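Note on naming: letters A, B, ... go to the chains in the order of the sequence lines (proteins, then strands), and numbering restarts at 1 for each one. Values below: every heavy atom of this structure, side chains too, minus hydrogens, waters and symmetry copies. Keep in mind that this is a model prediction, so the values were computed, not measured.
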Amino acid sequence: MKFATWNVNSLNVRLPHVLDWLKAAQPDVLCLQETKQEDGKFPYTALKEAGYEAVHIGQKTYNGVAILSRHPLTNVQRNIPGFADDQQRVIAADIGDVRVVCAYIPNGQALDSEKYQYKLRWLDALHDWLKAELLAHPRLLLLGDYNIAPEDRDCHDPAAWVGQVLVSPPEREAFRQLIQLGLHDSFRLFDQPEKSFSWWDYRMAGFRRDLGMRIDHILVSDALRSRCAEAYIDKAPRKLERPSDHTPVVLQLIP
DNA sequence: ATGGCTTATTGTATAAGA
């Protein structure tokens, strides 16, 4: 079973890339973030023709998350229960014997921004919900755009990023709190190249100069750890014309 | 590196992303 996550920065613009990638990479499950469209515009038909059913929660302009799957999706949950949020950032479903949670964690903008406080509150709510979710579903995957580079090696220039979002100590602590729930960063279960990144800024020729960050992750619960077979970042879609600024992150799980 | 890009919007400049 191949699972992947990809922030597509507008599914309307990126649908051709998504369809091409589904065909080339053949994932069983693909979690999308930043679909940036209301559900009425979501391309259910095109995805169905490609062999994937989908569940989605979206809004105009911002946010929006979806799970695409070749296998039936059941027990679908939208948003974090009990957390009042007008931003559409979470969708979860059962696929096979696994609980799949797709999340678009807030960016935070800047440390002195209200959006940063929202990010930390949001991470707290996610943590508390996942704690309960793990009791009900021991086999759980949390895939998405975390907007957190967990360690300095996940940042192209840690010194230049001190004092900014994605790397601040409270964000990294929130990531560790998720790990404390009994989750593992699947990417780091395997040897990886140095400078492994999942996002590069559109500006400053960020991709060409490899000024990237690893902020998209797939966490696996204790019960799934021994089933992890391979984890990698597929940089190919980032090289296309008019790419998303993120590229897919992949985990292969033994059935 | 302090925004040089990209996206969406009842647009023609602004907000947001990361």
Side-chain angles (χ1 to χ4, degrees), chain A residues 5-18 21 31-43 56-66 85-90 102-123 126 143-175 187 195-217 233 235 237-249:
Chain A
T5 181
W6 189 7
N7 178 326
V8 290
N9 185 19
S10 170
L11 186 55
N12 186 45
V13 174
R14 227 66 67 194
L15 181 60
H17 286 189
V18 171
W21 192 76
C31 293
L32 301 179
Q33 301 86 38
E34 288 210 86
T35 58
K36 294 189 176 181
Q37 60 193 175
E38 290 177 322
D39 198 49
K41 303 216 169 171
F42 190 84
H56 175 242
I57 178 170
Q59 64 189 96
K60 242 191 240 183
T61 312
Y62 305 118
N63 309 310
V65 286
D85 195 358
D86 55 7
Q87 304 190 23
Q88 314 301 318
R89 295 180 173 276
V90 167
C102 169
Y104 175 42
I105 291 170
N107 167 271
Q109 198 168 59
L111 269 53
D112 61 357
S113 166
E114 231 169 69
K115 296 193 178 81
Y116 182 72
Q117 295 307 319
Y118 166 68
K119 179 177 193 173
L120 296 180
R121 278 201 315 278
W122 201 98
L123 281 160
L126 177 69
L143 311 91
D145 177 358
Y146 288 59
N147 275 310
I148 300 172
E151 300 176 79
D152 277 355
R153 62 178 163 166
D154 301 314
C155 174
H156 68 94
D157 187 349
W161 277 80
V162 170
Q164 302 201 59
V165 291
L166 314 190
V167 301
S168 73
E171 292 166 76
R172 286 179 165 175
E173 177 55 28
F175 187 86
F187 189 74
K195 300 210 294 178
S196 286
F197 305 132
S198 65
W199 167 83
W200 299 259
D201 203 315
Y202 283 128
R203 300 165 297 184
M204 303 295 302
F207 186 66
R208 184 178 58 73
R209 298 163 63 201
D210 205 17
L211 306 179
M213 308 276 273
R214 191 176 70 95
I215 56 176
D216 302 271
H217 308 294
I233 294 171
K235 285 164 79 169
R238 191 60 178 80
K239 300 172 184 173
L240 300 171
E241 286 294 316
R242 210 179 176 190
S244 170
D245 44 356
H246 297 249
T247 210
V249 176

Show me the donor-acceptor pairs within less than 3.5 Å that the side chains of residues 206-213 of chain A make with the rest of the protein, sequence neighbours left out.
from, atom 1, to, atom 2, distance (Å)
A:Arg209, NH1, A:Met204, O, 2.9
A:Asp210, OD1, A:Trp200, NE1, 2.9

Are the side chain of A:Tyr202 and the backbone N or O of A:Asp245 linked by a donor-acceptor pair below 3.5 Å? yes
Under a 4.0 Å heavy-atom criterion, the protein footprint on nucleotides 4-13 of chain B, written with B, S and -, is BBSSSSS---
Taking OP1 and OP2 of B:dA18, is either one under 4.0 Å from a side-chain nitrogen or oxygen of A:Asn7? yes
NA contact type, A:Asp145, heavy-atom cut-off 4.0 Å: base, sugar-phosphate, or nothing? sugar-phosphate
Looking at residues 206-216 of chain A, who's got a heavy atom less than 4.0 Å off DNA chain B? A:Ile215
From CD of A:Gln109 across to C1' of B:dA18 the rounded distance in Å is 10 Å
In A:Leu166, A:Val249, A:Val167, the residue satisfying side chain to side chain contact (heavy atoms under 4.5 Å, CB included) with A:Ile215 is A:Leu166
Please check: side-chain N/O of A:Glu34 versus main-chain N/O of A:Asn7, any donor-acceptor pairing under 3.5 Å? no
Pairing residues for A:Phe175 by the side-chain contact (heavy atoms from CB on, under 4.5 Å) criterion, not counting sequence neighbours: A:Tyr146, A:Ile148, A:Pro150, A:Ile179, A:Asp185, A:His217, A:Leu219
By the salt bridge (Lys or Arg N to Asp or Glu O under 4.0 Å) test, which pairs, at least two apart or in different chains, include something from residues 197-206 of chain A? A:Asp201-A:Arg203
Touch class at under 4.0 angstrom, heavy-atom based, for A:Asn107 against every strand present: base
Applying salt bridge (Lys or Arg N to Asp or Glu O under 4.0 Å), which residue pairs with at least one partner in residues 150-160 of chain A are found, sequence neighbours left out? A:Glu151-A:Arg153, A:Asp152-A:Arg172, A:Asp154-A:Arg188, A:Asp154-A:Arg214
Hey, does A:Trp200 reach any base, or is it just sugar-phosphate, or nothing, if we go heavy atoms under 4.0 Å? nothing
Out of B:dG17, B:dA16, B:dA18, whichever nucleotide has its closest atom nearest the side chain of A:Arg89: B:dG17
Under 3.5 Å donor-acceptor, A:Lys119 side chain and A:Val165 backbone: no
Contact class for A:Tyr104 vs. all strands (heavy atom < 4.0 Å): base, sugar-phosphate, or nothing? sugar-phosphate
